[in-house]
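Worksheet for the structure shown next.
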Amino acid sequence: MSLTHLLPEIQQLPAVAQLNSTNRSTIADLPDSARPPVMAAVIASSPRPALVVTSRADRAEDLCSALNEYLPADRQAQLWLEPDGLPYEQLPSDLEQSGRRVALLKTLARSTEETLPPIVVTPAHGLLQLIVSQEELREQSRSVSEGSRQTIESLVRWATSVGYQTDPLVQEPGTLARRGGILDIFPPGAELPIRLDFFGDEVESIRTFDPHTQRSMQRLRSVTLLPPSELPLWRLSSIAPELVALKTESLRPEVASEWRAQVERVSNGVPPVAVDLLAGYLV
């Protein structure tokens with residue numbers, strides 16, 4: 001249900017109008033039920049980007065959904081997901097969540113004076129996350145057009161260097177599969193994976209396909225392929241000397257052995273299971 005029709009009425013309330021007339025305001029003891037409409041009214045009246053910060057991830061998700069009930073369809077709030085684990089907690093990276101963060105970074109990078117300013121909701125933990133710069137994200141993205149000339153080998157090399165994982169079948173974001181002259185890839189921000197059909201050194205066709213049935217669907221003229229992670233994984237091999245130089249004498253033998261195995265993977269440009277652990281070296 002949309003409550004956008006209530007927004008003009010809320011904006012005309014004296015208390016909300018007073019908030020809009022000042023650059024900085026503090027409201028004490030605002031009831032939970034009043035927060036989304038009041039915040040939406042203030043945000044919608046401002047020509048600037050908005051960042052909404054909550055204390056926990058579940059509150060950020062609930063607030064983002066509540067705000068969007070009041071905000072117009074052309075300026076919806078977007079949720080920035082907090083890191084998967086706490087600092088130094090070695091949890092496996094979530095390809096889907098990383099893809100959502102990259103897609104949001106691309107949306108923010110496209111924001112110009114001609115577009116409506118973005119609205120981002122995040123828990124406080126999300127503000128601590130290290131991310132790739134907009135310039136590097138743009139440089140490491142690839143645009144592929146039907147009829148363009150490039151080799152499938154060069155595209156696969158680029159994809160694996162920026163962090164795409166090779167799978168027999170592409171079913172989730174951040175993965176790729178090659179079969180002869182066909183490259184299946186699931187870039188961040190795409191609703192469906194992409195199938196690139198090469199004829200020699202030419203891109204013969206670009207289509208979306210169903211990840212469950214693997215059947216080709218809509219034909220596209222061009223597609224933009226983003227890196228699959230919000231971290232610059234193409235720097236992995238370059239940070240290996242810094243990791244090797246770390247002192248490991250105080251580690252238990254089994255932990256030291258595991259660490260050496262991780263460093264060897266990084267030296268070969270292979271992302272470790274818990275890539276967030278290396279964020280400070282990558283960024």
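As the structure is a prediction and not an experimental result, all values here were calculated from the model.
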Strictly distance-based, threshold 3.5 Å: is any side-chain N or O of [X] a donor or acceptor partner for the main-chain N or O of [Y]?
X: Ser148; Y: Val144; answer: no
X: Arg75; Y: Ala77; answer: no
X: Ser93; Y: Leu95; answer: no
X: Gln214; Y: Pro211; answer: yes

Looking at every heavy atom in both [X] and [Y], which two are closest together, and how far apart are they?
X: Ala240; Y: Val263; result: O-CG1, 4.5 Å
X: Pro117; Y: Pro47; result: CG-O, 3.5 Å
X: Met217; Y: Asp210; result: SD-N, 3.6 Å
X: Leu104; Y: Leu79; result: CD2-O, 3.9 Å
X: Gly181; Y: Ile152; result: C-CD1, 3.9 Å
X: Leu183; Y: Leu176; result: CD1-CD1, 4.2 Å

Quiz item: Mind checking whether Val52 and Val42 sit in one hydrophobic cluster, side chains of I, L, V, M, F, W, Y counted as touching below 4.5 Å?
Solution: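 Hydrophobic grouping puts Val52 apart from Val42.
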Quiz item: Going only through I, L, V, M, F, W and Y residues with side-chain contacts under 4.5 Å, is there a path from Leu155 to Val223?
Solution: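 Cluster IDs for Leu155 and Val223 match.
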Quiz prompt | Contacts of type side-chain contact (heavy atoms from CB on, under 4.5 Å), residue Ser46, not counting sequence neighbours | solution =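 Ser46 satisfies side-chain contact (heavy atoms from CB on, under 4.5 Å) with Arg48 only.
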Quiz item: Under the side-chain contact (heavy atoms from CB on, under 4.5 Å) test, which residues partner Arg219, sequence neighbours left out?
Solution: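 For Arg219, the residues satisfying side-chain contact (heavy atoms from CB on, under 4.5 Å) (neighbours in sequence not counted) are Glu146, Ser205, Arg207.
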Self-check item: Any pair counted as ring pair (Phe, Tyr, Trp, His ring centres under 6.0 Å), so long as it reaches residues 51-81, sequence neighbours left out
Solution: none
Quiz item: Which residue pairs pass the ring pair (Phe, Tyr, Trp, His ring centres under 6.0 Å) test with at least one member in residues 154-200, sequence neighbours excluded?
Solution: Trp158-Tyr164
Quiz prompt | Nearest-0.5 Å distance, CG of residue Leu3 to CG of residue Asn68 | solution =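 The CG atom of Leu3 sits 11.5 Å away from the CG atom of Asn68.
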Quiz item: What is the distance from atom CZ of Arg56 to atom CG of Asp62, rounded to the nearest 0.5 Å?
Solution: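 It comes to 9.5 Å.
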Exercise. Give every residue pair that meets the side-chain hydrogen bond (donor to acceptor under 3.5 Å, both in side chains) criterion with at least one member in residues 223-249, sequence neighbours excluded.
Key: Ser98-Glu230, Arg101-Glu230, Gln129-Glu230, Glu136-Trp234, Glu136-Arg235
Quiz item: Taking only residues at least two apart or on different chains, which pairs with a member in residues 261-282 satisfy side-chain hydrogen bond (donor to acceptor under 3.5 Å, both in side chains)?
Solution: Gln90-Gln262
Practice problem: Evaluate the salt bridge (charged side-chain N to carboxylate O under 4.0 Å, His left out) criterion for residues Asp32 and Arg35: first the C-alpha distance (whole Å), next the side-chain angles of each, then the deciding distance (0.1 Å), finally the verdict. | Solution: CA-CA 5 Å; Asp32 290 347; Arg35 292 178 183 179; 3.3 Å; yes
